[in-house]
2 protein chains.
Amino acid sequence: MKQPKLKGKAPTMHDVARLAGVSQPTVSRVLNQNDTSVQISEETRYRVHQAVEALGYRPNVIARSLRTQRTQTIALMIADISNAFYHPIARAVQDIARQFDYEVLISNSDHVYEHEKHFCEIVLRRGVDGAILVPIRLTGDDLDEYMSQTHIPFVVLGHHFYHPHVDVVYMDDERATYETTRWLISERGHTCIGYIGVPDILPPGPRRLRGFHRALVDCGLTADPRFILESDFTMEGGRRIAHQLIQQREIPSALMVANDLMAIGLILALQDAGYHIPEDVAIVGFDNIPEATVVRPTLTTIAQNPRDLGEKLAHALFERIENPELTERRLFESSYQLIVRNSA
Amino acid sequence: MKQPKLKGKAPTMHDVARLAGVSQPTVSRVLNQNDTSVQISEETRYRVHQAVEALGYRPNVIARSLRTQRTQTIALMIADISNAFYHPIARAVQDIARQFDYEVLISNSDHVYEHEKHFCEIVLRRGVDGAILVPIRLTGDDLDEYMSQTHIPFVVLGHHFYHPHVDVVYMDDERATYETTRWLISERGHTCIGYIGVPDILPPGPRRLRGFHRALVDCGLTADPRFILESDFTMEGGRRIAHQLIQQREIPSALMVANDLMAIGLILALQDAGYHIPEDVAIVGFDNIPEATVVRPTLTTIAQNPRDLGEKLAHALFERIENPELTERRLFESSYQLIVRNSA
DNA sequence: TTGTATGCGTTATCAT
DNA sequence: ATGATAACGCATACAA
């Protein structure tokens, strides 16, 4: 009983048909009774189900896909599944996909152009029914080339991306940075504010910096170039910036930091050097990662909602999968929230 | 030029063949020249490649899969991709898969039995070439039923799982807890040690508790039942335990905590109540999550290496995919490391 | 070296 | 209500 049937080939519809004493297409009809236009007698329906049970028959998804040109699969490309910003996105997409009975193929691009192109290649070769991307290096023209070869919908995360037939989900981080900087000025009374950014190559880089600058200008302040710095996304990068500031012997009264990891690195390093947060320097991060509630003082930060981003992406995609007539680009904004804690 | 070819059907080998003036199988041969047994003239090889270029031909993976019974896809089931323990595993598996030119289908089980079974169902229906699982509710017998229907290899994470033909990768958390508890006793001089565990349903629950108890016994100590508690994996769960301990008005001098999130919750709540860590209570966690370096005092913890677990799982699987003659169960241990920081 | 014929397991279009 | 038959796109055994 441990090995009910020999590990031969898996049973097919033919096997079921033979056992049930019907033809193979009839088995198909019984099993896909969603098609109500066809009537099937209770008798055969019963016999088929019996045979299915007896053989432990399972439909072969591949054969079905070849025939129907649908795979019940979507593809998702993110930068890195083990990054705290991306994995809630992936999780949300998977959850929505499960509701639609779809599987998800996930690929990490690591911001590498070749990987991003390879992903599109896979999408075409494997005939998935739709794709969600977070393109960093890929341009609208790149995607256009791939899209010209297929009918399937693409949906993208990121305001910076433009293609006339690709839905975009985004978070307005320029405005988030703008409003938060103004908040530092009007609500917290800061007049000397620094900004620690991320490299310009990454889409959020220039946008967040722009929001920061606009806020200063609109409030009649000017940016001190010594306090406009850039680092690499990591806690260690934040520490390096801290040391740099400390060596300059002059420090702004507040710092907008373009991501939480750097912000936390800054806090820890500044504290090690004897500074008090937020008395000596107020610090605002960006992302609201789990560590933000653990660091002391707890980190004031701009919360994106990656789970929401993922849900919006998936919903947009499935809407298009189910309504191929949709073509015009649609824009979906995901909100942000300033989480005021104790670091600013 | 923006739409080089009309979005008709994608070109097939037939189209390539026609354009190149050869037969379709010849195209197939040219494109899969791995088969060195067949010689092809430079002339046709050239013409075929020309035609491929001209048409923008891409092989149809589905059709190939139907024919070859291989999908170049593996499936991975974890509890939750957005859990810090699992996503490095997923990342590692994906990285190895990329080396083999495989795609990865990822599914979240959330410890739900139905999801775990559904995953196996998907594995069979979609004909993936292998599967990696972290089974929580699934038993060896369950898996045996599925395995009897297929030839593909399964590889599993977790010591608790047994099936004669399934490789297991594990981390010996019983020993880890045992040795760390002994370390608290012999190196740190504690004699009154509490243990905060996770529910017994989860495989690590009983194992870690057992390691703890063994250590006490081997050192001639006895466990105080008031200090053997259990909570739910979260920081909030840790806080609740802290309040419970505080209300008891008596607290052990050290606490082994079965995961970092709870340990951090404990630290923060105890500090809020005026306790000093590690002077009043030493605390050791389990997992070495990123937050462990951010909390003050930094958390002493038992580091698993999920990336390594993922790599071992993937390597085991691909070894089996490439050597189907392998059958006997193999065991792979992933090491752990006590990371001594400042909380104990 | 290349072409013909066949089949992988379905779904879909005809008949009946 | 059901059965033949074809087709999806490819790889392979066999023939030439």
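Remember, it's a predicted structure, so these values are computed and weren't measured experimentally. Labels below follow one simple rule: chain letters A, B, ... track the order of the sequence lines, proteins then strands, and each chain is numbered from 1.
D:dC10 atom C1' lies 11 Å from atom CG of B:Leu31, rounded to whole Å. Atom-to-atom, CZ of B:Arg18 to C1' of C:dG3 comes out at 16 Å; the value is rounded to the nearest Å. Rounded to whole Å, the distance from CZ on A:Arg70 to P on C:dA12 is 11 Å.
Between the axis at the start and the axis at the end of the helix from C:dT1-D:dA16 to C:dT16-D:dA1 there is an angle of 40°, using five pairs per end and rounding to 10 degrees.
At a threshold of 4.0 angstrom between heavy atoms, the contacts of A:Val22 are confined to the sugar-phosphate backbone, with no base atom among them. Using a 4.0 Å heavy-atom criterion, one finds that A:Ser65 contacts no nucleic acid atom at all.
Here A:Thr26 reaches the OP1 or OP2 of D:dG3: one of its side-chain N or O atoms lies under 4.0 Å away. Regarding contacts with the backbone of C:dT10, every side-chain N or O of A:Ser28 stays at 4.0 angstrom or more from both OP1 and OP2. Between D:dT2 and A:Ser41, a contact under 4.0 Å exists linking OP1 or OP2 to a side-chain N or O.
With respect to A:Tyr46, the side-chain hydrogen bond (donor to acceptor under 3.5 Å, both in side chains) criterion is satisfied by exactly one of A:Glu42, A:Gln50, A:Glu43: A:Gln50.
Formation of a donor-acceptor pair under 3.5 Å by the B:Asp80 side chain with backbone atoms of B:Ser82 is found in this model. Of the possible donor and acceptor atoms, none in the side chain of B:Ser334 sits under 3.5 Å from a partner among the backbone N and O of B:Asp308.
Using a 4.0 Å cut-off between a side-chain N of Lys or Arg and a carboxylate O of Asp or Glu, A:Arg98 and A:Asp95 do not qualify as a salt bridge. In this structure, A:Arg307 pairs ionically with A:Glu311, as a charged nitrogen and a carboxylate oxygen lie closer than 4.0 Å. Here A:Asp167 does not pair with A:Lys312 in a salt bridge; the nearest charged N to carboxylate O distance is not below 4.0 Å.
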*When you check every protein heavy atom under 4.0 Å of nucleotides 4-9 of chain D, what one-letter string (B, S, -) results, 5' to 3'?*
BBBBBB
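Donor-acceptor pairing under 3.5 Å is lacking for the side chains of A:Asn108 and A:His115.
Distance from the side chain of B:Ile40 is smallest for C:dT2 among the nucleotides C:dT1, C:dT2, D:dT2.
The aromatic rings of B:Phe318 and B:Phe100 sit parallel to each other, their planes meeting at less than 30°, with 60° as the upper class boundary.
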_Before you tell me yes or no, could you show the steps for B:Met13 and B:Leu31 under side-chain contact (heavy atoms from CB on, under 4.5 Å), namely the whole-Å CA-CA distance, both residues' side-chain angles and the distance that decides it to 0.1 Å?_
CA-CA 10 Å; B:Met13 276 193 178; B:Leu31 266 34; 4.3 Å; yes
